[in-house]
Amino acid sequence: MDTRDPHDARLSRRRFVQGLMLGGAAAGLGMRAGVTMAQSDAVAPRELRGTRFDLAIGELPVDFTGRRRLATAVNGQLPAPLLRWREGDTVTLRVTNRLRVPSSIHWHGILLPAGMDGVPGISFPGIAPGETFTYRFPLRQSGTYWYHSHSGFQEQTGLYGPIVIEPARGERFPAERDYVVMLSDWTDEDPLAVYAHLKQQGDYYNYAEPTAPEFLRDVRTQGLRRALAERRMWQRMRMSPADLADVGGATYTYLMNGRTPVDNWEGLFKRGEKVRLRFINGSAMTLFDVRIPGLKMTVVAADGQDVEPVSVDEFRIAVAETYDVIVEPSDDRAWTVFAQAIDRSGYARGTLAPRAGMDAPVPAMDARPVLSMGDMMGAMGGGSMARHARPEYRNPGVDMRVDTPRSNLDDPGIGLRGNGRRALAYADLHTIGGALDAREPGREIELHLTGNMQRYMWSFDGVKFSDAKPLHFRAGERLRLVLVNDTMMNHPIHLHGMWSELENADGGFQVRKHTIDVQPAQRVAYGVTANALGRWAYHCHMLYHMEAGMMREVVVS
Amino acid sequence: MSAFVRIALACLALSLSPWVLAQQVAPAPASSTGGMDMSSMPGMDHPHDAETDMSAVDHGRHGMDAMPHTRMQGGAAPPDARSADDSDGTGDGAMPGMEMRDAEPLGMLRFDQLEAFDGLHADGTAWEMEGWYGTDTDKLRLRSEGQRDGGRFDDSDAEALWSHAVAAYWDTELGVRSDFGSGPARQWLAFGVQGLAPYWFELAATAYAGQGGRTAARLRADYELRITQRWILQPEWEVNLYGRDDPQRRLGSGLSDASFGLRLRYEIRRQFAPYLGVVWTQRFGGTATFARDGGGTAFDRRLVAGLRFWF
Ligand SMILES: [Cu+2]
């Protein structure tokens with residue numbers, strides 16, 4: 001128990017968060033200040049089971065950094081309650097909006113009728129203040145999913161929660177323990193201010209830009225010619241190799257199941273037990289690299305769908321993705337669950353332990369990676385030529401195009417290449433049972449992910465949502481969506497209502513997902529069966545990218 | 001000072017070349033960058049700069065030959081470019097409730113400089129501020145700079161411009177400028193371009209037309225050199241030109257004045273940064289003569305201390 005006075009604890013917590021920003025020096029302090037936090041006292045993790053649910057969206061006072069703020073929560077909880085469903089059941093969810101603004105809940109990754117999808121303006125008009133909306137749909141799948149608001153920035157302020165759907169025929173990979181590990185990013189700022197800051201200065205939250213002394217150091221060690229050559233391309237293009245995350249630790253505190261690194265979420269186990277960890281990235285903007293130092297993780301499901309087990313040391317989880325892993329802690333000791341942000345500006349952290357109150361060393365964050373030429377130019381000297389859309393030219397909203405995108409699904413991504421750990425790549429994922437629809441796609445729709453970092457504009461094919469026409473999928477057709485990332489950032493692209501079945505480089509089936517992360521300068525293709533009639537959202541799951549226009553409406557008719 | 005002269009000339013070329021505008025509509029020549037050709041700007045760029053010239057970067061066996069020699073930014077669409085319309089004629093749904101922010105206007109007000117200066121001949125206060133409100137592509141931009149010494153305004157102006165995004169890094173501006181302080185007020189129509197040049201130079205070049213056939217031009221460039229993530233050294237260049245003498249405002253025709261400032265700021269927060277700096281100003285030709293006749297000199301060096309802040 002922490003005996004320091006609250007003021008003291010608050011100070012150290014504040015310093016802790018800032019310390020992350022300045023380089024993670026506070027990591028090993030072993031502070032337990034978190035026990036004094038209002039958040040952890042007020043909120044016990046709660047799980048709701050059954051087929052009928054009453055959920056109330058409201059405000060919740062929270063304190064993650066020493067400052068009191070209002071979060072958006074469900075039933076007074078952040079994350080929202082874990083919903084445990086059973087495959088084959090029909091669930092009824094009465095969602096009441098107790099906010100002063102419209103709200104909504106979207107059931108991420110769930111196949112359901114269009115009217116139940118919960119996207120205001122596309123699926124339904126939203127839930128007005130004081131109103132109750134009843135969602136009702138049958139469950140035709142199992143696995144780990146999540147739900148979140150699709151209204152404004154409510155997802156950033158806490159409206160997200162896990163869903164676990166138990167398979168009708170029992171788990172394919174049984175485990176003695178089963179924990180949800182929901183990762184998220186919290187800011188004390190008003191998300192609208194965050195968005196405005198990004199529009200005002202694209203690198204507002206980036207405190208790792210190249211500096212003049214670094215250049216001089218490179219000149220000393222590599223010679224002027226080489227140091228200049230290395231910077232020339234970036235300088236000419238007015239791009240930054242440090243452009244890894246738009247929003248980072250300068251404002252974010254990273255949470256694991258709603259707890260700060262100091263507050264340390266805890267999962268208990270007995271030695272020798274199999275522990276299933278259901279990782280969900282419920283962040284607004286943060287890709288996490290997850291590992292449990294000393295433990296191999298066996299990935300058994302991706303985006304709710306069982307995959308051939310693959311053993312890894314580390315995996316990247318993009319915004320909105322879910323991964324189930326099984327670990328078998330063999331010793332009677334604590335293990336740190338460590339999730340560092342892609343830009344290494346901070347981390348979420350928790351502990352697996354045989355007894356409550358234990359701690360394991362927290363590893364230092366890796367060095368912040370810098371984007372390579374391949375992240376900007378694609379497969380230099382190889383790869384297929386991309387075919388850009390007309391609005392990608394002479395467009396103030398498009399600051400670059402990649403002509404020869406990479407199609408390397410075996411690339412775990414920047415910061416995970418050659419770091420000495422076995423990192424998961426999409427090429428490692430094989431959904432058990434293959435594609436749901438074996439037909440060869442009859443049609444191909446190519447879309448490019450485009451943006452302008454300086455102006456903070458984001459779009460598909462250079463056309464942002466408000467200027468775009470919907471995409472039309474013909475009812476029943478099997479089609480191929482091709483995404484080419486013409487930017488230097490990762491974009492996790494989420495198609496509502498239908499599965500995205502990722503193809504390997506040869507056009508064969510790879511893995512079934514609801515959210516596909518497209519790496520910088522990468523090209524991916526996936527099959528979609530247009531069997532869900534109606535209007536659906538299709539967007540980048542980086543919240544501020546979506547709000548800035550990286551979204552389309554899909555019409556299946 | 002040679003870099004200064006080169007950039008001044010570059011800005012001049014940029015602002016006065018009629019093809020700057022033509023670039024926005026005509027097919028780009030092979031050397032253009034995002035609809036804005038920098039190749040004629042000596043010292044700023046080279047004709048092939050914005051292309052995917054990887055010759056200087058060692059990337060193993062993939063040499064220049066293997067590279068598709070195409071532009072990564074701007075330019076005209078090739079004939080085989082895709083249509084971005086996959087709608088089959090399907091329209092938007094009529095569902096209410098959508099609240100996307102991609103077309104919502106935002107604003108900003110920034111004092112780049114709000115400073116006290118101590119010069120060789122005078123001391124006082126000076127400012128340079130800019131504000132905008134609008135969407136990604138169209139903004140109302142307000143700008144003002146000037147100074148106060150001896151209790152009155154001197155050589156100050158304010159501009160209101162419609163700013164329109166024309167390329168990834170470039171905006172055109174059209175509006176009015178009003179000069180005030182020392183002498184009669186002058187009104188101008190303003191037209192210019194501003195944006196971010198390769199190598200991260202912020203450039204602005206504006207041409208002005210006033211009453212009675214007066215003309216003027218102003219060229220500005222600045223750069224942000226990061227010493228650390230919070231210590232930033234900002235060199236800034238400004239040149240003013242006038243088409244003819246204006247004795248009442250003590251301005252001579254031709255190159256009137258040029259200044260170079262060097263300010264070192266510390267960003268306590270992004271939006272709040274105190275700074276210290278030095279500014280050198282040289283008046284030329286008729287303007288220098290007017291200054292000397294008025295008891296001043298053609299050259300001034302000022303120490304400045306101030307605040308940069310925005311919201
Ligand atoms: Cu995105």
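Below, all heavy atoms of this structure are taken into account, side chains as well, without hydrogens, waters or symmetry copies. Not measured: the values here are computed from a predicted model. Every chain is numbered from 1 and lettered A, B, ... according to where its sequence line falls, protein lines coming before strand lines.
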Q. With chain B, which of A:Pro213, A:Ser151, A:Ala128 has the greatest number of heavy-atom pairs at distances under 4.5 Å?
A. A:Pro213
**Q.** Which portion of A:Pro391 sits near chain B, non-hydrogen atoms under 4.5 angstrom
**A.** side chain
Q. With chain B, which of A:Gln235, A:Gln454, A:Met400 has the greatest number of heavy-atom pairs at distances under 4.5 Å?
A. A:Gln235
Q. Looking at A:Val119, A:Val398, A:Asp203, which makes the most heavy-atom pairs under 4.5 Å with chain B?
A. A:Asp203
Q: Identify whether the distance between the nearest side-chain nitrogen and carboxylate oxygen of B:Asp136 and A:Arg455 falls below 4.0 Å.
A: no
Q: Quick one: pull up CE in A:Met239 and CH2 in B:Trp200 and give me the separation to the nearest 0.5 Å.
A: 8.0 Å
Q) Does A:Arg401 reach the main-chain N or O of B:Gly74 with its side chain, forming a donor-acceptor pair under 3.5 Å? A) yes
**Q.** Separation of A:His472 NE2 from B:Thr90 OG1 (nearest 0.5 Å)
**A.** 4.5 Å
Q) Contact part of B:Leu225 toward chain A, heavy-atom cut-off under 4.5 Å: side chain, backbone, both or neither? A) side chain
Q: Between chain A and each of B:Leu233, B:Ile227, B:Thr228, B:Thr137, count heavy-atom pairs under 4.5 Å; write down the option with the most.
A: B:Ile227
Q: Tell me, for A:Trp458 versus chain B, whether the close heavy atoms (under 4.5 Å) come from the side chain, the backbone, both or neither.
A: neither
Q: Select one option (side chain, backbone, both, neither) describing which atoms of A:Phe215 are under 4.5 Å from chain B's heavy atoms.
A: neither
Q: Check whether any side-chain heavy atom of A:Met377 sits under 4.5 Å from a side-chain heavy atom of B:Met72, and report yes or no.
A: yes
Q.
Between A:Asp461 and B:Ala84 (side chain of the first, backbone of the second, donor and acceptor by atom type, cut-off under 3.5 Å), is there such a pair?
A. no
Q) Are side-chain heavy atoms of A:His197 and B:Gln271 found at a separation under 4.5 Å? A) yes
(Q) To the nearest 0.5 Å, what is the distance between CG on A:Asp399 and CD on B:Gln73? (A) 6.5 Å
Q) Can you say whether A:Arg535 sits under 4.5 Å from chain B via the side chain, the backbone, both, or neither, judging by heavy atoms? A) side chain
Q.
Would A:Arg231 and B:Tyr199 count as a cation-pi pair here, with the cationic atom under 6.0 angstrom from the ring centre and within 45° of the axis?
A. no
Q | Which atoms of A:Ala193 approach chain B - backbone, side chain, both or neither, heavy atom under 4.5 Å | A | neither
Q.
Looking at A:Arg552 and B:Asp86, is there a salt bridge between them, counting it only when a charged N and a carboxylate O are closer than 4.0 Å?
A. no
Q: Check whether any side-chain heavy atom of A:Tyr205 sits under 4.5 Å from a side-chain heavy atom of B:Arg270, and report yes or no.
A: no
**Q.** A:Tyr207 side chain vs B:Arg230 backbone, donor-acceptor pair below 3.5 Å
**A.** no
**Q.** Region of A:Met453 in contact with chain B, defined by heavy-atom distances below 4.5 Å
**A.** neither
Q. What residue, out of A:Ala548, A:Ser466, A:Pro470, has the most heavy-atom pairs lying under 4.5 Å from chain B?
A. A:Pro470
Q: Name the region of B:Asp92, side chain, backbone, both or neither, that has any atom closer than 4.5 Å to a heavy atom of chain A.
A: both
Q: May I ask you to test the A:Ile122-B:Met98 pair for a side-chain heavy-atom distance under 4.5 Å?
A: yes
Q. Are A:Glu392 and B:Arg82 side-chain neighbours, meaning at least one heavy-atom pair lies under 4.5 Å?
A. yes
Q: Kindly give the heavy-atom pair with the smallest separation between B:Ala76 and A:Tyr393, and that separation in Å.
A: O-CD2, 3.3 Å
Q | Largest heavy-atom contact set with chain B, pairs under 4.5 Å, which of A:Ala208, A:Ala468, A:Ser557 | A | A:Ala208
**Q.** Portion of A:Ser372 that has a non-hydrogen atom of chain B nearer than 4.5 angstrom
**A.** neither
Q) Say you draw a straight line from NE2 of A:His150 to CD of B:Glu99; how long is it, rounded to the nearest 0.5 Å? A) 11.5 Å
Q) Rounded to the nearest 0.5 Å, how far does CZ of B:Arg269 lie from OH of A:Tyr204? A) 6.5 Å
(Q) So B:Trp231 and A:Thr211, do their side chains get closer than 4.5 Å, heavy atoms only? (A) no
Q.
Before you tell me yes or no, could you show the steps for B:Arg101 and A:Leu192 under side-chain contact (heavy atoms from CB on, under 4.5 Å), namely the whole-Å CA-CA distance, both residues' side-chain angles and the distance that decides it to 0.1 Å?
A. CA-CA 10 Å; B:Arg101 290 195 161 72; A:Leu192 198 52; 3.2 Å; yes
Q) Is it the backbone or the side chain of A:Leu228 that comes under 4.5 Å from a heavy atom of chain B, or both, or neither? A) neither
Q. Within a strict 4.5 Å, meaning less than it, do heavy atoms of the A:Gln200 and B:Trp132 side chains meet?
A. yes
Q: Select, from A:Gly462, A:Gly397, A:Ser459, A:Pro396, the one with the greatest count of heavy-atom pairs under 4.5 Å involving chain B.
A: A:Pro396
Q: Tell me, for A:Asn452 versus chain B, whether the close heavy atoms (under 4.5 Å) come from the side chain, the backbone, both or neither.
A: side chain
Q. Where on A:His448 is there a heavy atom nearer than 4.5 Å to chain B: the side chain, the backbone, both, or neither?
A. both
Q) Between A:Ala196 and chain B, which part of the residue has a heavy atom less than 4.5 Å away: side chain, backbone, both or neither? A) both
(Q) Given 3.5 Å as the limit, does a donor-acceptor pair link the side chain of B:Arg226 with the main chain of A:Glu209, or not? (A) no
(Q) What I'd like to find out is whether the side chain of B:Asp102 reaches to under 4.5 Å of the side chain of A:Met551, using heavy atoms alone. (A) no
